[in-house]
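First up is the structure itself, then whatever we jot down about it.
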Number of protein chains: 2
Amino acid sequence: MDVEELLKKQRLKVTPQRKAIINVLESSDGVLSAQDIFTEVIKILPNINFSTIYRNLDLLLERGILCRITPESGGILYELRREEGHHHHVICKKCGASIPLDYCPMGNIEKELSRKGFTPTEHRFEIYGYCNKCSKKIKE
Amino acid sequence: MDVEELLKKQRLKVTPQRKAIINVLESSDGVLSAQDIFTEVIKILPNINFSTIYRNLDLLLERGILCRITPESGGILYELRREEGHHHHVICKKCGASIPLDYCPMGNIEKELSRKGFTPTEHRFEIYGYCNKCSKKIKE
DNA sequence: CTAATTGCAAATTGTTTGCAGTTTA
DNA sequence: TAAACTGCAAACAATTTGCAATTAG
């Protein structure tokens, strides 16, 4: 992916900080916390401040470049939004790997809801567990 | 519901603070934040401290008396667990009303996951939108 | 050049902890 | 009476803000 192009498309300035944040997210195949991102980015840009991380995460989220996961266990995780359009996530609890899922459960339930007078605007469906690699490790 | 009985069943001491917390959750038909709960409980017990709220929410959660929702928008919401067994939630973004849903999307996806070698342990499915009452108000 | 962006320091928010006194069973 | 529980004050972690200096376009 061309990070510079991605930013220019959104009319965001191409700063080293922004590039680093996106690069870190891109080179990870899963979800990362703000702290995880900071820990990685500071290796590239030793002067970066946490506030820059937060400000950019918010901005990139707004622009739809990232998506955000809030697991039941608490905390907030970020990942690069690789899939276009609507999708859900399967997330490994051990390594954080994130697998996109194109199946969406809403179709099955939408009619019943509207019959009850409920107007759905958003929904979430997330699956947590152990990925192929991590399942194997646990068994060993 | 008999709150005292509920607590005794869990071998928890019946304190006025605990009763108040559960009563507040019971009289609400939806999800509440820790702050919401505090605001209500302090009307009944003017000396209660936030730490008592948090400690009890954690405890009641552990015992399965409450359940917890972490919306995409952030924050943590609590509600009395009225339904037995596994279920999902439909939540009104305006009034916080929570409707239990017995439909579970996992059945449709489980096979595909195990074929990919992914071992699911938990999942979540939540729907947000506007309940019957609030949809009507918005249209008016 | 100028509007956007950053680093820094301080503030804020939400939650947790240690402890001594109180209450429940 | 012993263990569980509470209130208080202080600690803590995560996130946000104001501001002056810097930088990308």
Side-chain angles (χ1 to χ4, degrees), chain A residues 2-24 31-63 65-66 68-78, chain B residues 2-25 31-63 65-66 68-78 96:
Chain A
D2 186 338
V3 176
E4 302 209 2
E5 196 134 324
L6 183 69
L7 290 172
K8 280 177 187 165
K9 228 182 251 175
Q10 293 288 334
R11 304 216 175 89
L12 294 175
K13 294 196 171 176
V14 180
T15 65
Q17 293 85 344
R18 237 160 236 175
K19 285 202 282 184
I21 291 170
I22 297 180
N23 282 329
V24 163
V31 287
L32 298 176
S33 67
Q35 179 64 64
D36 294 336
I37 296 166
F38 180 73
T39 307
E40 286 307 309
V41 171
I42 207 167
K43 293 178 189 166
I44 309 167
L45 299 169
N47 283 317
I48 200 171
N49 190 272
F50 232 125
S51 58
T52 304
I53 303 282
Y54 279 117
R55 281 193 275 234
N56 277 306
L57 289 176
D58 286 347
L59 197 60
L60 297 173
L61 210 56
E62 263 177 38
R63 305 303 178 101
I65 294 172
L66 306 185
R68 198 169 105 136
I69 306 273
T70 56
E72 198 72 50
S73 54
I76 300 175
L77 302 170
Y78 299 86
Chain B
D2 187 338
V3 176
E4 303 209 0
E5 195 135 323
L6 184 70
L7 290 171
K8 280 179 187 164
K9 228 182 250 175
Q10 293 288 335
R11 301 212 179 92
L12 295 174
K13 294 198 170 173
V14 180
T15 65
Q17 293 84 343
R18 234 159 238 175
K19 285 202 282 184
I21 291 170
I22 298 180
N23 281 329
V24 162
L25 283 160
V31 287
L32 297 177
S33 66
Q35 178 65 65
D36 293 337
I37 295 166
F38 179 73
T39 307
E40 286 306 309
V41 171
I42 208 169
K43 291 178 190 167
I44 308 167
L45 299 169
N47 283 318
I48 200 170
N49 191 273
F50 233 124
S51 60
T52 304
I53 303 282
Y54 279 116
R55 281 194 275 233
N56 277 305
L57 290 176
D58 286 348
L59 196 62
L60 297 174
L61 211 54
E62 263 176 38
R63 305 302 177 101
I65 295 174
L66 306 185
R68 196 170 106 136
I69 305 274
T70 57
E72 198 71 50
S73 54
I76 301 175
L77 302 171
Y78 300 85

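Each chain gets a letter, A, B and so on, in the order its sequence line appears, and its residues count up from 1.
- Taking five base pairs at each end of the helix from dC1(C)-dG25(D) to dA25(C)-dT1(D) and finding the rotation axis that steps the C1' atoms of four pairs onto the next four gives two axes whose angle is 40°, to the nearest 10°.
- Here the closest heavy-atom approach between residue Ala34(B) and residue Tyr54(B) is recorded as CB-CE2, 3.8 Å.
- For dG7(D), the OP1/OP2 oxygens have a side-chain nitrogen or oxygen of Thr52(B) closer than 4.0 Å.
- Looking at Lys43(A) and Glu40(A), a side-chain N of the basic residue comes within less than 4.0 Å of a carboxylate O on the acidic one, giving a salt bridge.
- Side chains of Asp36(A) and Ser33(A): a donor on one and an acceptor on the other come within 3.5 Å.
- If you check residues 9-19 of chain B against DNA chain C, the residues with a heavy atom closer than 4.0 Å are Lys13(B), Val14(B), Pro16(B), listed by number.
- Residue Asn49(B) places no side-chain N or O under 4.0 Å from the OP1 or OP2 atom of dC5(D).
- For the residue pair Thr70(B) and Pro71(A), the shortest heavy atom distance occurs at OG1-O, 3.5 Å.
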**OP:** Test Lys8(B) against Val14(B) for side chain to side chain contact (heavy atoms under 4.5 Å, CB included), laying out the working first.
**Re:** CA-CA 7 Å; Lys8(B) 280 179 187 164; Val14(B) 180; 4.1 Å; yes
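- Comparing atom distances between the Asp58(A) side chain and each of dT6(C), dC5(D), dT16(D) picks out dT16(D) as nearest.
- Nearest-nucleotide assignment on DNA chain C puts the 5′-proximal partner with Ser51(A), out of Lys8(B) and Ser51(A).
- A straight line from CZ of Arg55(B) to C1' of dG14(C) spans 15 Å, rounded to a whole angstrom.
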